[in-house]
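Here the structure is laid out as structure tokens; the discussion comes afterwards.
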Amino acid sequence: MSSRIAAVDVGNDSIKAIFGEVECELNIPNIVARDTEDRPVIGIEELDNKNPLEGIHIKVHSPALKENNAIYRVGHLATKSSSATELDPGSAKSEEDQTLVMLFATLALDAVNEKNSNSFPRMKNVIDANYTLGTGLPLREVKEGKDAGYRSKLVGSVHQVEFLVTPKYQGLKVNIKFNEVKIYPEGFAAYINLVMDNQLKIINKDLIDKRIIIQDIGGLSTDIAVIKNRNVDDDKAQGFNLGVSESLESIREEIRSKHGIELDSRRDVVEIITRKNDRNHIMVKGSRTSVHDITDRILLELAKKQYRLLRNVWQKNSQTEICYFVGGGANVLKEYIKTLNNNLDGYNIEFFEDEKESIWMMANAYYKLITDFVRKTEKPKPPQESVKN
């Protein structure tokens, strides 16, 4: 059976995935909610006219899960549930059922897409999907050896996603198998994306031999990779249990207690503090209301902690030439860290002004790495015999 390339970044805020020849991308909020098999739908006859990503309702069967055969709302649909869960600070991405549920759901959504009907065999309502997966884990978990256990959960088993009350895909089942799974440390992946294109050719010659720090700020953790001689220095690289999730949760709670406004998820908080118009404002009883006092205080405190991490690592690597801040958390804290740096040490730091480039950096890096792996492992086709007249 042919195997389809999948590069999946299971981020704390959302899942970013790239498939095939980059012809398909998916971005789904990393939120799940346990549910029942028959969720109520208003206007069920119109269900198939809706966007499947707005109504992901699935049952997941996999030997890799602690809770097997559970039913979930996923992504946007889960935000509307009172029992919605997001990954907690301090949790290990490699050990959470939610990570696997989101991964399997994302792959299943690609497999059932009618554009990919020629990629996988289908018998009635069952699709057999085979993937070559590139994904990653925080540096801390890789250094602790958790990548091996995570990979073993995925390979050698069949993982089934059954679509329940989901627009267009209701009643379809996807059997997911992995031809190969490659798990990369997130800090190393960020470096690859900075200096190489999709064919792993060097596109940033100015950076290739520099001493670089990459500070990847995620939802639950921060990875700091130290790059020297074109490699990550394993001894100097560090992972910290410090992300933006806890601060976003604090902002959400203060908005609720002060203004009586219930935000569905941390993602709503991110939108409030990063959107271009009406940034740091919410609507209260129809009136535009500033929450600057709440967001500035909480995010500045987190930015100070992130800046201390940078200062400590830079002091131990004094010949560093530049630090790149990447990840969704860096996008949230960008202005606060820039202000601190201007007022304090004045390190040579850089952010990605293109929001999508920063947020999709890991998925892009995994795609580059997994496609390169496939290129190197594919058997060359035997030369065709010439036809004699």
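Just so you know, these numbers come straight off a predicted model, no measurement behind them.
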Note to self: For Tyr307 and Tyr347: C-alpha separation, side-chain torsions, deciding distance, then whether side-chain contact (heavy atoms from CB on, under 4.5 Å) applies.
What the structure shows: CA-CA 10 Å; Tyr307 196 74; Tyr347 291 116; 3.5 Å; yes
Notebook entry, point to check: Could you go step by step and tell me if Arg267 and Glu271 meet the side-chain contact (heavy atoms from CB on, under 4.5 Å) rule?
Noted result: CA-CA 6 Å; Arg267 194 181 178 92; Glu271 187 189 346; over 6 Å; no
Margin query: Go through it in stages, so that I can follow the logic: the residues are Asp13 and Arg266, the test is salt bridge (charged side-chain N to carboxylate O under 4.0 Å, His left out), and I'd like the CA-CA distance, side-chain angles, deciding distance and then a yes or no.
Written below: CA-CA 8 Å; Asp13 175 65; Arg266 298 171 199 151; over 6 Å; no
Next item on the list: Please step through side-chain contact (heavy atoms from CB on, under 4.5 Å) for the pair Trp360 and Asp9, ending with a clear verdict.
Entry: CA-CA 8 Å; Trp360 280 81; Asp9 171 23; over 6 Å; no
Note to self: Is there a side-chain contact (heavy atoms from CB on, under 4.5 Å) between Lys258 and Asp293? Walk through the geometry before answering.
What the structure shows: CA-CA 11 Å; Lys258 184 174 180 179; Asp293 57 329; 2.6 Å; yes
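Closest of all the heavy-atom pairs between Leu242 and Gln306 is O-NE2, 3.5 Å. Here the closest heavy-atom approach between residue Pro167 and residue Gly55 is recorded as CD-O, 3.4 Å. Nearest heavy-atom pair across Ile15 and Thr106 is CG2-OG1, 3.5 Å. Smallest separation of non-hydrogen atoms from Ala78 and Ala84: O-CB, 3.2 Å. Residues Ala129 and Val174 share a closest heavy-atom pair of CB-CG1, 4.0 Å. The nearest pair of heavy atoms linking Lys16 to Asn27 is CD-OD1, 4.0 Å.
Within 6.0 Å of atom CD in Glu246, 12 or fewer heavy atoms from other residues, nucleotides or ligands are found, so the atom counts as exposed in its surroundings. In the displayed structure, Lys316 atom NZ is contacted under 6.0 Å by at most 12 heavy atoms of other residues, nucleotides or ligands. In Glu114, the CD atom is not crowded: 12 or fewer heavy atoms of neighbouring residues, nucleotides or ligands sit closer than 6.0 Å.
Using a 4.0 Å cut-off between charged nitrogen and carboxylate oxygen, Arg151 and Glu180 count as a salt-bridge pair. For Glu67 and Arg34, the salt-bridge test passes: some basic side-chain N is under 4.0 Å from an acidic carboxylate O.
Put simply, the side chain of Arg122 gets close to the backbone of Lys124: a donor and an acceptor are under 3.5 Å apart. Within the 3.5 Å criterion, the main-chain N or O of Gln315 finds no donor-acceptor partner in the side chain of Ser318. The main-chain N or O of Leu53 is never found under 3.5 Å from a side-chain atom of His76 such that the two would form a donor-acceptor pair. For Asp128 (side chain) and Asn175 (main-chain N/O), no donor-acceptor pair under 3.5 Å exists by modelled atom type. Panel note: side chain Thr135, backbone Val8; a donor-acceptor pair is recorded below 3.5 Å. Put simply, the side chain of Ser245 gets close to the backbone of Gly219: a donor and an acceptor are under 3.5 Å apart. Remark: side-chain polar atoms of Ser257 are paired, donor with acceptor, to backbone N or O of Glu254 under 3.5 angstrom. Listed for the Asp216 side chain is no donor-acceptor partner under 3.5 Å among the backbone atoms of Asp223. Ser265 places no side-chain N or O within donor-acceptor distance of the main-chain N or O of Thr79, the cut-off being under 3.5 Å. The backbone N or O of Gly171 lies less than 3.5 Å from a partner atom in the side chain of Asn125, making a donor-acceptor pair.
Within the 4.5 Å cutoff, side-chain heavy atoms of Ile28 are placed close to those of Leu109. Between Ile272 and Ile251, every side-chain heavy-atom pair lies at or beyond the 4.5 Å cut-off. Leu103 is listed as a side-chain neighbour of Leu133, based on a closest heavy-atom distance under 4.5 Å. By the 4.5 Å heavy-atom criterion applied to side chains, Lys173 and Gln160 are counted as neighbours. Between Ile370 and Tyr184, some side-chain heavy-atom pair lies under the 4.5 Å cut-off. Counting heavy atoms from C-beta outward, Lys304 and Leu340 have side chains that approach closer than 4.5 Å. Using a 4.5 Å heavy-atom cutoff, the side chains of Gln238 and Val313 are in contact. Between Ile56 and Tyr72 the shortest side-chain heavy-atom distance does not fall below 4.5 Å.
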Check: residues 320-329 side-chain donor-acceptor pairs under 3.5 Å, at least two apart:
residue, atom, partner, partner atom, Å
Thr320, OG1, Asn317, O, 2.7
Glu321, OE2, Arg211, N, 3.2

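Leu77 and Val74 end up in different hydrophobic clusters when Ile, Leu, Val, Met, Phe, Trp and Tyr side chains are linked at under 4.5 Å. Residues Val284 and Val269 are members of one and the same hydrophobic cluster, defined by side-chain heavy-atom contacts under 4.5 angstrom among Ile, Leu, Val, Met, Phe, Trp and Tyr. Side-chain heavy atoms closer than 4.5 Å link hydrophobic residues (I, L, V, M, F, W, Y) into clusters, and following such links, possibly through other members, connects Ile227 to Met362. Note on Val10 and Ile31: separate hydrophobic clusters, where clusters join Ile, Leu, Val, Met, Phe, Trp and Tyr whose side-chain heavy atoms are under 4.5 Å apart, directly or indirectly. A single hydrophobic cluster is seen to contain both Ile202 and Ile212, as judged by linkage of ILVMFWY side chains at heavy-atom distances under 4.5 Å, directly or through other members.
Ser287 and Thr289 form no side-chain donor-acceptor contact under 3.5 Å, judged by distance and modelled atom types alone. A donor-acceptor contact under 3.5 angstrom links the side chains of Thr132 and Ser3, judged on distance only.
By the 30° and 60° cut-offs, the orientation of the rings of His281 relative to His292 is perpendicular. Classification of the Tyr131-Phe120 ring pair by plane angle, with boundaries at 30° and 60°, yields tilted.
In this structure, the separation between CD on Gln319 and NZ on Lys228 is 10.0 Å, given to the nearest 0.5 Å. Rounded to the nearest 0.5 Å, atoms CD1 (Ile282) and CD1 (Ile261) are 5.0 Å apart. Note: Met102 CE to Asp97 CG = 13.0 Å, rounded to the nearest 0.5 Å. Distance check: Lys153 NZ to Ser94 OG gives 6.5 Å after rounding to the nearest 0.5 Å. Atom CD1 of residue Ile294 and atom CG of residue Asn280 lie 10.0 Å apart, to the nearest 0.5 angstrom. Summarising the geometry, atom CG belonging to Asp372 is positioned 9.0 Å from atom CE belonging to Met196; distances are rounded to the nearest 0.5 Å.
Partners of Arg4 by salt bridge (Lys or Arg N to Asp or Glu O under 4.0 Å), not counting sequence neighbours, listed by chain and number: Glu23, Asp110.
Aromatic pair Tyr366/Phe373: ring centres not closer than 6.0 Å.
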